[in-house]
Structure formats: structure tokens, C-alpha cells
2 protein chains.
Amino acid sequence: MSSTSVCKATDPVAPMRPVIPLYAVARTDVPKQRGARCSNCAMRTLCLPPELSATDYGRLDAIICTTRHVRQGDSLYRAGDAFQSLYAVRAGSFKTVIVHRDGREQVTGFQITGETLGMDGIASSEHTCDAIALEDSVACIIPYGQLQKVCNELKSMQQYLYQMLSNEIVRESTQMLMLGTMSAEQRLAQFLLNLATRFKARGYSGSEFNLRMTREEIGCHLGIKLETVSRMFSRFQRDALVETRGKRVHIVDAERLALV
Amino acid sequence: MSSTSVCKATDPVAPMRPVIPLYAVARTDVPKQRGARCSNCAMRTLCLPPELSATDYGRLDAIICTTRHVRQGDSLYRAGDAFQSLYAVRAGSFKTVIVHRDGREQVTGFQITGETLGMDGIASSEHTCDAIALEDSVACIIPYGQLQKVCNELKSMQQYLYQMLSNEIVRESTQMLMLGTMSAEQRLAQFLLNLATRFKARGYSGSEFNLRMTREEIGCHLGIKLETVSRMFSRFQRDALVETRGKRVHIVDAERLALV
DNA sequence: CGGTTGTTTGAATCCGTTCAATACCTGTGG
DNA sequence: CCACAGGTATTGAACGGATTCAAACAACCG
């Protein structure tokens, strides 16, 4: 999620191996801040195409020059906001939520370091969901108009953007499969294994981590009630698949968990 | 869905007002066929950006020159197939299905005339779902590589492609909301109203139409069992919201149906 | 330290599933 | 043309997984 230098530093777990060092980030909630550089960002392997030259990075540095600090619970953008930029999570984590007229809420995704936000806004020039910080977080601002210009000259970047959009489509399809066909137990198992994979890809432990979201937010993502989430955690504990203590998660037997 | 000249012509309902005339299409299942022309296709307002010049259309005609006829039940592409083209439905209709290792199936969407297929394949150069024809259908083949070239010269087309991808993301988010938060009754109501809107946008009746999919396929899309779909149809009938006779649907009271 | 928020667990209830039987529709072949 | 077959749709009754409501507990913050 974040390096120890960022945010509240109350996390004694995930950053034990700070494999991906990040710049120190002031805790003040300054809306924008210069100084971010793609060219030497530790996250660049996650949000940029792999084969970029030094001059390519220079071009991106000229575009993505601001970051935004978002306090826990605050929004990066809200449904209805004019779409102007994509965002990359530089530190911390977010949830994206769509709210129906009648108040129904669905968490459409959780985004951690190196993942991208805001692609829903391209269609209608308006965001269709809220992006809320799960902890004090930092996002890189990627102005869409300028990104397009870069894409016109940098074909690999253009291709990468198409792929990111398509990836989001595939991710959501998978989530639909989960919501449409799986039991509460299976949904939670898949959710934990998916999170584990993403943490591992970032150099953190894939078996021990801290959840940044509440049981309610997990339930709202998986289409089940928070009580059910809690019951399933208890069941996993009983069956020696996962150990939990509050937000702390230890996946004991990933293989069996996948077969639930 | 299709004009009377296409397919089995067993549909006495939807094409009663053939507002969108289509070219006659031979019933033989020829894999590819020349002769399609974007410039004078009746569907062009649906799958292309609005403000194109004659020369712009000429460019597209040079690219999208083949169509493919797909028999009911046959696939346009399958999960694992190499991604090479996007597809636009020219006549008929399709469903897209993801199949989990364990056999679980989820219908991620239904595509009718003028809608687009295949965007899931961009991410990994492989399709991730099956696209199956619900009736004898015709799809325009849009070679992705060549489309990219056109996009590089035709900015409005490029923007449109980005928007189409984003639109798909938004559509899937909405579907997730449905799967995650709504009762069986509400899901079916929303589904029917959504279909009605799309038919209406194509010049057909928004209150009377024929379903092209079975109860099982509807259920598989809505995350409920086919028996439940049937029960909800019966409930709507009892409450004078919708009248059905097999695949024939008449939405009697759309306002109340939306409030279910 | 007290108040707030988040988590766990139990018991009763309910919605959707499962299993099963019957009816229907459509295309096929006698 | 009618009868038949096979897939599709409807309906009932019993069951079960998830929800609801409620209460107790734990963790966190000012």
C-alpha cells in the first residue's frame, strides 16, 4: 500500500519489506503539489508501458507534474464531476463507489499503489462514480488532453492506454462472474486471493497484509452484508485457511482457499 | 434486431416498423463477405462518431470491408482466440459469456444491432469471453490494427474508440450494481427497461418486443436461476406491469416497473 | 477515559434455489 | 396435415444460505 514514510505509519505489517521505496510525502492535505517525476518513480513499472526511452520519460514528466494528497475518507473525484484527468495511485489506496438514486451503493473496485483511476469518465466527460481514499493517500494527476497528445507521438503509450481500458473491462467481467455465480464464502476467498496477488506483485507479502477497508466495504464490493463477511472470516479461521485479527489478515493455506 | 429480409423472418413483432432498413443478407453461412459499406450503412449513427465527412467514411470503408455471418448458437469468437478485430453487430444479436474453470458461466452482456463486441481482447491480445449468436446474425469485422491507423489520422474516431471502451466500463459497473444490490424482481425489471431503451433508440417499440434469449440466459446474466426469472415474469403479469407469452414481451407500465 | 466506530456472534426470518412434475411451443418427419 | 420429440417455460413444495435484528465486544480517537 504505502511506504512507511507515507501516511499514518500505523501499519506495522505490509511495509515490513519496503521493496518499493517512495518519496516522503507531507501529511498536510495540499490539493496539488509539484515534484512528481515519472522518470524515477518507483511505481513506473506498474502504470507505464515497459519499453520507454529516457526521452519518452521526459515527455511524460512534462505532463504528469502534479500530485494530489487526499485524506482518508475524502474524495479524489465524485460522480458528476467533470472528467479532466486520469489518476494513478502513488501511495495509499482508494475505493470506487457507484450510488444509485435510491441510495443503493456498490463498491466497484479497490485501487492500491500503481493502479489507475478515473477511466469511467472518458465516455461522457463526467465521472460516474466516487473515488474515496481508504487512508491518507497520494494520486498522480494525468491530464487527459495532454495524455492524448503524448499518445499521438508515443505509440507504445497509446497502446498501453487502450490496454488499460480493456483490462478494466476484463476485471469488471470477472467481478460480474463472482457476483453472479459464487457463494459468499467463495467471493471472500477470491477477494483475498486477488488482493494477495496484487500485494505480491508490489513486493509485499502475499500471505500477510493489512486490509485498508472495513467489513462493510468488503461486503459492499462482494454483494453481501458485513455480518456475512465476518461469518466467513470466522469460518476460514475455523478451517485453518485464513487467520484474522481485525484488519490483519494471514492467508494460511492459499491452495485450499482457492478450492473453497 | 434485424430487418425482415435477414434471418429466419419468424419475427412478426420487432421489425413491424422497419425504421432502420438493412441490406438483404444471404442465409448461407459464408464466413466472410465483401460489400459492406460504412458510408451508407443504416447502423452508422450507432457505431461511428457523429461528425464524419465523406472522405472520413471513405477511409473507414477501406478498412471495414468484410462482414461475417454467424448461425444461431455459433460463436463469433471464443475465449482464448487471438484478438485481431473488433466487431459491430450489423444484424441479429449476440451474448458474451465468461466461463470459469469449474464450469460456472456468466453472461456478461447481450449485444444487439449497432452495438460493439470484442473490446475485452485488447488487453492481452486474447479474447476472454465467448461471443455467441442468439439468432442467425451478421457482424462487421473491424481489423484492430487498421482501425488504429485510421484513429491516428482521424482524431474524432480515436476519441470515439476511447469513449466506447469507457462506455463498456460504465455499463459493466452498472451491471455490478445490479448484481450486488438488487432483488431478483428488481434485476429483471431493470433488464427489461434497459432492453426497451435500446430497442427504442433503434426505432423499434420500447414497449413491445421479442426476446432473443432464453430464460436461462437471462438468469445467467442477472445472477438468478431460470425458474426465478419465470416466477418474476409471472409476478409482473399478476401485477399488470408486463405481459408475456413465451419470448414475446409487452411492457404495460414502465413507470411502475421502474419503481419495483 | 468515555464515546464512537467497527467487529463478532446468535436466533429468527425470508428470498431464491432445488427438485420435480406438467405444460407449451416449434420444427421435423411420417 | 397431424403427431411426435426435444427444448423451453411454468408452477409447486421443501430446503437452505444469506439477511435482519439484536446484543455484546473490541479497537480507536480525541
Side-chain angles (χ1 to χ4, degrees), chain A residues 7-13 27 71-73 95 104-105 107 132 134-136 178-189 191 210-238 242-249 260, chain B residues 7-13 27 71-73 95 104-105 132 134-136 178-189 191-192 210-238 242-249 260:
Chain A
C7 307
K8 289 172 289 175
T10 53
D11 185 353
V13 178
R27 286 194 48 191
R71 277 275 169 78
Q72 178 174 45
K95 64 172 176 180
R104 258 176 260 264
E105 288 191 10
V107 173
I132 314 283
L134 294 177
E135 59 193 305
D136 292 3
M178 188 148 109
L179 292 169
T181 70
M182 293 188 182
S183 68
E185 189 178 35
Q186 293 167 329
R187 293 182 203 191
L188 186 59
F191 171 70
N210 272 4
L211 298 173
R212 283 289 129 87
M213 63 295 282
T214 66
R215 302 288 191 261
E216 173 152 39
E217 287 165 330
I218 295 173
C220 204
H221 181 51
L222 302 181
I224 55 184
K225 294 288 143 183
L226 70 104
E227 294 95 329
T228 307
V229 174
S230 185
R231 276 182 242 277
M232 294 306 130
F233 269 128
S234 301
R235 187 184 293 181
F236 289 157
Q237 186 112 12
R238 186 200 65 191
V242 176
E243 278 164 17
T244 54
R245 254 200 35 241
K247 292 222 159 64
R248 184 108 186 66
V249 170
V260 154
Chain B
C7 308
K8 290 172 285 176
T10 52
D11 186 353
V13 179
R27 285 194 49 190
R71 277 274 168 78
Q72 179 175 46
K95 64 172 176 181
R104 259 177 259 264
E105 289 191 10
I132 314 283
L134 295 177
E135 60 193 304
D136 292 1
M178 189 147 108
L179 291 170
T181 69
M182 293 188 183
S183 68
E185 188 178 34
Q186 293 166 329
R187 293 182 204 191
L188 186 59
F191 170 70
L192 291 174
N210 271 4
L211 298 172
R212 283 289 128 87
M213 64 294 283
T214 65
R215 302 288 191 260
E216 173 152 40
E217 287 165 331
I218 295 172
C220 203
H221 181 50
L222 301 181
I224 55 184
K225 295 289 143 184
L226 70 106
E227 293 96 329
T228 306
V229 174
S230 187
R231 276 182 242 278
M232 293 307 129
F233 269 128
S234 301
R235 187 183 293 181
F236 289 157
Q237 186 112 13
R238 187 200 65 194
V242 176
E243 277 164 19
T244 54
R245 256 202 30 243
K247 293 222 158 65
R248 183 109 187 67
V249 170
V260 154

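Hydrogens, waters and symmetry mates are skipped; everything else that's a heavy atom, side chains included, is used. Below, chain A is the first sequence line, B the second, and so on; all start at residue 1.
A side-chain donor-acceptor contact under 3.5 Å links Gln186(B) and Ser183(B). In this structure, a donor-acceptor pair under 3.5 Å is present between the side chains of Gln237(A) and Thr244(A).
Listed nucleotides: dG6(C), dA18(D), dT8(C). Nearest to the side chain of Arg215(A): dT8(C). Checking dA18(D), dT7(C), dT9(C) against every side-chain atom of Ser234(A), the shortest atom distance belongs to dT9(C).
Atom CD in Glu185(A) sits about 10 Å away from atom P in dG17(D), given to the nearest Å. The NZ atom of Lys247(A) sits 17 Å away from the P atom of dA26(D) (whole-angstrom rounding). As rounded to whole Å, 15 Å separates atom P of dT8(D) from atom CZ of Arg212(B). Counting to the nearest Å, the C1' atom of dC15(C) and the CE atom of Met182(B) are 17 Å from each other. Taking atom CD1 of Ile224(B) as the reference point, atom P of dA9(D) lies 13 Å away to the nearest angstrom. Between Arg235(B) atom CZ and dA9(D) atom C1' the separation is 17 Å, expressed in whole Å. Separating the CZ atom of Phe233(A) from the P atom of dA26(D) is a distance of 19 Å, rounded to the nearest angstrom. As rounded to whole Å, 17 Å separates atom C1' of dC24(C) from atom CZ of Arg248(B).
When side chains are defined from C-beta on, Val229(B) counts as touching Ile224(B), because their heavy atoms get closer than 4.5 Å. Contact annotation: the side chain of Phe236(A) never approaches that of Glu243(A) to less than 4.5 Å [non-hydrogen atoms, C-beta and beyond].
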Could you go over nucleotides 18-20 of chain C and give all protein N or O partners under 3.5 Å, atom names and distances?
unit_1	atom_1	unit_2	atom_2	d
dT18(C)	O4	Arg231(B)	NH2	2.7
dC19(C)	N4	Glu227(B)	OE2	3.4

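In summary, of the residues considered (Glu216(B), Glu217(B), Arg231(B)), a side chain to side chain contact (heavy atoms under 4.5 Å, CB included) with Leu226(B) occurs for Glu216(B) alone.
Remark: side-chain polar atoms of Asp136(B) are not paired, donor with acceptor, to backbone N or O of Arg71(B) under 3.5 angstrom.
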